[in-house]
Amino acid sequence: MDYEKKKAIETSVKGSEENYNPRKSIQSVEIGVRVLLALVKTGEGEGAYLREVADNSGLSRSQAHRYLLSYVNTGVVAQDQKTGQYSLGSLMVRLGLAAIARLDTVRIATEHLDTLLVEMKTTGLLSVWGDYGPTVIRWIDGGMPLFTSLHTGSVLPLQTSSTGILYLAHCPPEQTRERIDKERAEGIVVDDVELAALIDEARRVGFTRSYGTVVPGLSAASVPVLDSQDRLVATMSVLSRSEQKAFFSKAKIERLIEVAHSASRAIGWRG
């Protein structure tokens with residue numbers, strides 16, 4: 001290879017290396033995502049027309065049409081031959097199901113709760129529905145150690161815990177009835193009218209509170225973590241000592257709800 005040609009190649013390689021940016025994106029891919037998001041936004045019912053996708057993606061109709069045609073050819077998008085409307089195709093359904101299958105609800109909820117507890121400098125827990133009712137699966141010390149009999153694996157009462165009231169508010173009666181009957185047989189009895197009021201309030205305000213009804217001297221505020229079908233998949237609880245009357249301020253409750261909503265959206269909730 002002669003000197004001039006070798007020099008030209010070296011210069012070309014050097015220029016490519018200098019211009020390389022590992023974070024530099026492919027613009028057409030980003031535009032394509034805009035088209036898909038516009039399709040999802042406008043086509044939740046029977047589908048979306050080309051003009052709707054174009055308007056909501058900020059593209060001309062000819063530009064949007066080219067992307068949609070490519071998506072139709074690859075199965076990402078389907079087009080109704082009678083109406084001309086576009087909707088998500090079979091490939092997107094498969095991708096969506098694969099993404100849902102990979103979601104780790106407990107991990108996502110734990111990460112959100114852990115961040116909140118460090119911020120609030122207190123202890124909290126994450127619960128899910130187990131064989132015997134609401135069960136603590138994560139106990140997180142965020143800066144304020146609390147001495148209590150509660151621990152990972154503890155089953156919380158439905159009628160008297162903030163976590164339990166959330167399950168009564170969000171789960172069908174056939175799921176919780178047997179557990180309530182067992183609690184009442186063991187002596188934990190909350191009047192039906194009072195219990196109904198607690199459930200209604202939980203649905204209305206989006207959180208629950210308890211004041212030493214599970215462990216004397218321990219207060220809790222709990223919020224639901226919901227999935228894409230509005231089903232309760234976990235509950236987050238923040239704990240404090242009962243003598244700290246002002247701990248659960250309006251701002252902290254709002255922050256707790258905000259974090260729960262963030263965790264819910266991360267697993268598909270659309271609220």
Side-chain angles (χ1 to χ4, degrees), residues 103-130 132-146 148-171 175-176 179 198-215 218-242 244 246-271:
L103 282 176
D104 186 340
T105 301
V106 171
R107 176 185 58 80
I108 291 171
T110 299
E111 289 174 351
H112 281 73
L113 178 59
D114 186 54
T115 299
L116 177 67
L117 295 174
V118 171
E119 178 184 315
M120 290 188 175
K121 296 181 176 59
T122 192
T123 293
L125 55 90
L126 186 74
S127 302
V128 300
W129 185 266
Y132 303 102
T135 305
V136 178
I137 59 169
R138 294 286 187 275
W139 181 275
I140 304 171
D141 178 5
M144 183 192 294
L146 298 173
T148 170
S149 58
L150 288 177
H151 54 79
T152 300
S154 293
V155 177
L156 300 169
L158 281 173
Q159 303 170 89
T160 57
S161 69
S162 57
T163 293
I165 297 299
L166 286 178
Y167 279 96
L168 292 175
H170 290 274
C171 295
Q175 179 178 331
T176 59
R179 181 62 191 170
L198 292 172
I199 293 170
D200 288 342
E201 183 181 25
R203 291 170 178 159
R204 178 172 54 83
V205 301
F207 73 97
T208 52
R209 291 285 310 275
S210 63
Y211 305 87
T213 52
V214 178
V215 176
L218 196 66
S219 296
S222 301
V223 285
V225 179
L226 307 172
D227 68 6
S228 61
Q229 303 300 312
D230 277 335
R231 294 174 300 200
L232 182 65
V233 293
T235 61
M236 295 180 178
S237 299
V238 172
L239 310 178
S240 75
R241 300 185 183 95
S242 295
Q244 294 178 293
F247 182 82
F248 289 113
S249 63
K250 181 174 181 291
K252 285 184 177 177
I253 292 295
E254 289 175 348
R255 179 62 179 144
L256 176 57
I257 294 173
E258 178 186 4
V259 170
H261 285 179
S262 178
S264 297
R265 293 189 181 102
I267 62 173
W269 183 60
R270 302 175 67 181

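Residues Ile140 and Thr123 are not in side-chain contact: their nearest non-hydrogen atoms beyond the backbone lie 4.5 Å or more apart. Side-chain contact check for Val238 versus Val223: every heavy-atom pair is 4.5 Å or farther apart. By the 4.5 Å heavy-atom criterion applied to side chains, Ile165 and Phe207 are not counted as neighbours. Proximity of Ser162 to Arg209: side-chain heavy atoms (C-beta onward) are nowhere separated by under 4.5 Å. By the 4.5 Å heavy-atom criterion applied to side chains, Val106 and Glu111 are not counted as neighbours. Side-chain contact between Met120 and Lys252: present, with at least one pair of heavy atoms (C-beta onward) separated by less than 4.5 Å. Side-chain contact between Trp129 and Thr135: absent, with no pair of heavy atoms (C-beta onward) separated by less than 4.5 Å. Side-chain contact between Val128 and Val233 is absent, with no heavy atoms from C-beta onward closer than 4.5 Å.
Taking all atoms of both residues into account, the shortest heavy-atom contact from Leu239 to Phe248 is C-CZ, 4.2 Å. The minimum heavy-atom distance linking Ala202 with Leu166 is given by the pair CB-CD2, 4.5 Å. Between Ser219 and Ser242 the shortest heavy-atom distance is OG-OG, 3.2 Å. Residues Gly164 and Pro134 approach most closely at CA-CG, 4.3 Å, considering heavy atoms. Summarising the geometry of Val214 relative to Thr160, their closest heavy-atom pair is CG2-O, 3.8 Å, with the distance given to 0.1 Å. Of all heavy-atom pairs spanning Ala266 and Ile108, the tightest one is CB-CG2, 3.7 Å.
A side-chain donor-acceptor contact under 3.5 Å links Arg203 to the backbone of Ala169. A donor-acceptor pair under 3.5 Å links the side-chain atoms of Arg265 to the main chain of Gly271, judged by distance alone.
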Evaluation steps, side-chain contact (heavy atoms from CB on, under 4.5 Å), between Val136 and Leu126: CA-CA 6 Å; Val136 178; Leu126 186 74; over 6 Å; no
Leu150/Leu156 under side-chain contact (heavy atoms from CB on, under 4.5 Å): CA gap, chis, key distance, verdict: CA-CA 9 Å; Leu150 288 177; Leu156 300 169; 3.7 Å; yes
CA sep, side-chain torsions, deciding dist, call: His170, Leu226, side-chain contact (heavy atoms from CB on, under 4.5 Å): CA-CA 9 Å; His170 290 274; Leu226 307 172; 4.0 Å; yes
Audit row: Thr122, Ser240, side-chain hydrogen bond (donor to acceptor under 3.5 Å, both in side chains) steps and yes/no: CA-CA 7 Å; Thr122 192; Ser240 75; over 6 Å; no
Test side-chain contact (heavy atoms from CB on, under 4.5 Å) applied to Val225 and Leu232, step by step: CA-CA 6 Å; Val225 179; Leu232 182 65; 5.5 Å; no
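Among residues two or more places apart in sequence or in another chain, the side-chain contact (heavy atoms from CB on, under 4.5 Å) test is passed with Glu258 by Arg255. Ser237 pairs by the side-chain hydrogen bond (donor to acceptor under 3.5 Å, both in side chains) definition with Thr163, Ser222, not counting sequence neighbours. Legend: residues meeting ring-ring contact (aromatic ring centres under 6.0 Å, His included) with His261, ordered by chain and number and at least two apart, are Trp269.
Here the CG-CG distance, from Asp141 to Leu117, works out to 9.0 Å after rounding to the nearest 0.5 Å. Interatomic distance, Ile267 CD1 to Thr105 OG1, rounded to the nearest 0.5 Å: 4.5 Å. Atom CG of residue Asp114 and atom NE2 of residue His112 lie 11.5 Å apart, to the nearest 0.5 angstrom. Rounded to the nearest 0.5 angstrom, Ser264 OG and Ile257 CD1 are separated by 11.5 Å. Here the CE atom belonging to Met236 is positioned 8.0 Å from the OG1 atom belonging to Thr110, to the nearest 0.5 angstrom. Considering OH of Tyr167 and CD of Gln175, their distance stands at 8.5 Å, rounded to 0.5 Å.
Between the side chains of Ser161 and Ser210, not a single donor N or O lies within less than 3.5 Å of an accepting N or O.
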